[in-house]
J.: 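To start, I am sharing the structure in question, which I have written as structure tokens.
As a basis for the values below, the full set of heavy atoms in this structure was taken, side chains included, without hydrogen atoms, waters or symmetry mates. Naming convention: chains lettered A, B, ... in sequence-line order (proteins, then strands); numbering from 1 in each chain.
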Amino acid sequence: MALQTDRQDEFQDAVEAHDCSAQAKCYLQEAQSMESSGDIDSACFNYTHAYVLALDAGEKSIAQTALKALEKYGRE
Amino acid sequence: MNISISSSESLIDAKALDRVTQAVENATGLPNPFYNDAGLFEIEKQAVFAKNWACLGFASDVPEVGSAKPIDFLGQPLVMIRDKDEGVNVFENTCRHRGMIIVNEAKKTKGILRCPYHSWCYDSKGKLRTTPHVGGAGHNTHEGIKKDELSLNQIRSHEWLGLIFINLDGQAEPFETQHATLLEQWAEFNNRPLYFGGEDSQFTLKVNCNWKLAVENYCESYHLPWIHPGLNSYSRLEDHYNIVEQHQYSGQGTVVYNPTLNDNGLTFPNFDGLSDKWDTGAEYISLFPNVLLGVHRDHIFAIVLEPVTHDQTLEHVAILYTSPDAQGEKFANLRQQNTAMWREIFEEDVFVVEGMQKGRNAANFDGGKFSPIMDPPTHCFHEWVANQFKNHLDK
Ligand code: FES
Ligand SMILES: [Fe+2]
């Protein structure tokens, strides 16, 4: 998974720590910046990961945000 | 598979089953293959365990909302999870996608079971919540994937006395109907909160015998003076009575329960509002097929028998108390004494059940002769098992 460089370290740490919350946060940020740059497919890929990991980690607000975005684009 | 089952079915001698279900005076015990034939054990999984309410484990195995625990029961991968509304649910621990095992170890979840393979997510009611990338990257739906039809396969379950029971074939009568008599006999213990003593109040014994021998040995008091002489010093054979409820359960009771454990004068608190019977009474019942129970005014224990093979059984023991107080540090010493006392008694039984397993390899042993006075609880169990097999063959 290649994230933008400024989030790559944070993401790598989260993966190594098996920290689903932190991974979900990284994916959400990544999704949001892709979305604002107009790359909807990449955004939805990242929203999907944010959603799944947030569900797993009980991060309700991340899950909600990601789900709304996925629904908006007809992906969930 | 079919071949070994049909050849094992031929080991079920219908005439022998008829001898088992005679009145106790004339009956003979279950024949050897019921103890030492692996193929017959496979039939037993269906005939005895799947059709009844088998005991899977303890409610305390999943203590908090979201706690999940995988359990392989009779070779089937299952998972228990505590849901916030429905109490403990039991599911097949197998993902509806490619059949991956979903939960590998006991853990606290946030109410979501995420399959480790492609991350399909189920909730604690078994509902499939999301199927990431199922319609291509970033597309999480597809018209061919109907989430409503892809819930985890649920196993019918019921919680009673701190225990989780399951009915694998889904066809048994409701637990409360099937066990109405015991629920009435022990009405004073129903619907009370029970407090698991924790780490120091549980242990597992591995015994090299068929699970039925553990049931049989537990439900009789005949052996007490010989195998548990220590117990006999304050709970003599003549202070015990048989409990026989045909087609349901059997065991024994004592009228001289008088716990001697104390820690500098501290003794366990009693359940509130019990009738006089329990001042000095205690009862020990084998609830068929596979859980052994003991109730006293100040604690309850259960031994859940997990049949591993036809000649190996795990005995999972847990002790439950009457109040949150008894779970605390103040009672730790007393709890440890109580656990040690029961452990010693249950360990005294191990050589007997293992010896009976070996004894079952004698070609001419016919299943054994029952004492009409001392063995009715044992016969009650044999008769129950024989009837399960008869019903199975008649189907
Ligand atoms: S096998 Fe479970 S998600 Fe694929
Ligand atoms: Fe015993």
Side-chain angles (χ1 to χ4, degrees), chain A residues 1-4 7 11-12 14-76, chain B residues 62 64-68 70 79 81-85 93 95-98 100-148 150-152:
Chain A
M1 182 68 218
L3 300 186
Q4 283 175 12
R7 279 191 284 274
F11 178 72
Q12 227 26 274
V15 169
E16 271 158 38
H18 301 285
D19 182 342
C20 291
S21 286
Q23 289 176 55
K25 275 177 208 138
C26 290
Y27 278 120
L28 185 69
Q29 287 171 3
E30 188 73 2
Q32 286 166 334
S33 52
M34 301 260 164
E35 187 179 10
S36 45
S37 73
D39 183 351
I40 301 308
D41 277 340
S42 299
C44 286
F45 181 92
N46 285 285
Y47 276 129
T48 297
H49 284 244
Y51 180 48
V52 165
L53 291 161
L55 276 182
D56 191 341
E59 292 284 355
K60 292 215 171 84
S61 99
I62 298 178
Q64 237 352 287
T65 308
L67 177 60
K68 281 219 181 87
L70 289 164
E71 284 173 347
K72 175 172 155 199
Y73 296 113
R75 306 300 182 96
E76 182 65 56
Chain B
V62 283
E64 297 170 82
V65 169
S67 297
V79 59
I81 182 165
R82 186 176 291 277
D83 176 67
K84 67 182 190 320
D85 312 309
N93 190 12
C95 182
R96 294 294 304 274
H97 177 219
R98 304 306 314 134
M100 176 68 180
I101 290 291
I102 299 171
V103 181
N104 281 300
E105 58 186 2
K107 60 181 174 184
K108 171 90 170 75
T109 74
K110 300 284 183 177
I112 290 290
L113 300 177
R114 175 160 70 99
C115 178
Y117 199 1
H118 313 95
S119 283
W120 286 22
C121 293
Y122 304 86
D123 66 22
S124 51
K125 294 175 173 60
K127 260 186 64 136
L128 181 56
R129 289 280 295 274
T130 187
T131 51
H133 311 311
V134 80
H139 295 260
N140 305 329
T141 59
H142 185 277
E143 60 187 39
I145 304 292
K146 300 194 169 54
K147 288 210 233 0
D148 297 352
L150 293 166
S151 296
L152 290 178

J.: If I measure from the heavy atoms of chain A, does B/Thr130 come under 4.5 Å with its side chain, its backbone, both, or neither?
T.: both
J.: Taking B/Cys121's backbone N and O only, do any of them form a donor-acceptor pair with B/Arg129's side chain (distance below 3.5 Å, no angle check)?
T.: no
J.: Flag the pair A/Asp41 / A/Asp39 as yes when at least one side-chain heavy-atom distance between them is below 4.5 Å, and no otherwise.
T.: yes
J.: Within the supplied structure, the quantity of interest is the number of heavy atoms (other residues, nucleotides, ligands) at a distance under 6.0 Å from A/Lys60 NZ; does it exceed 12?
T.: no
J.: Using non-hydrogen atoms only, which part of A/Ala43 is less than 4.5 Å away from chain B: side chain, backbone, both, or neither?
T.: neither
J.: Could you check whether any side-chain N or O of B/Asn93 sits under 3.5 Å from a backbone N or O of B/Ile101, counting only pairs where one atom can act as donor and the other as acceptor?
T.: no
J.: Tell me, for A/Leu70 versus chain B, whether the close heavy atoms (under 4.5 Å) come from the side chain, the backbone, both or neither.
T.: side chain
J.: I'd like to know if the side chain of B/Tyr122 reaches the main chain of B/Ile102, judged simply by a donor and an acceptor atom lying under 3.5 Å from each other, with no hydrogens or angles considered.
T.: no
J.: Using heavy-atom distances under 4.5 Å, tell me whether B/Lys147 contacts chain A through its side chain, its backbone, both, or neither.
T.: side chain
J.: At a heavy-atom separation under 4.5 Å, does A/Leu67 approach chain B through its side chain, its backbone, both, or neither?
T.: neither
J.: Just give me the residue among A/Tyr51, A/Tyr47, A/Tyr73 that pairs up with chain B most often, heavy atom to heavy atom, under 4.5 Å.
T.: A/Tyr51
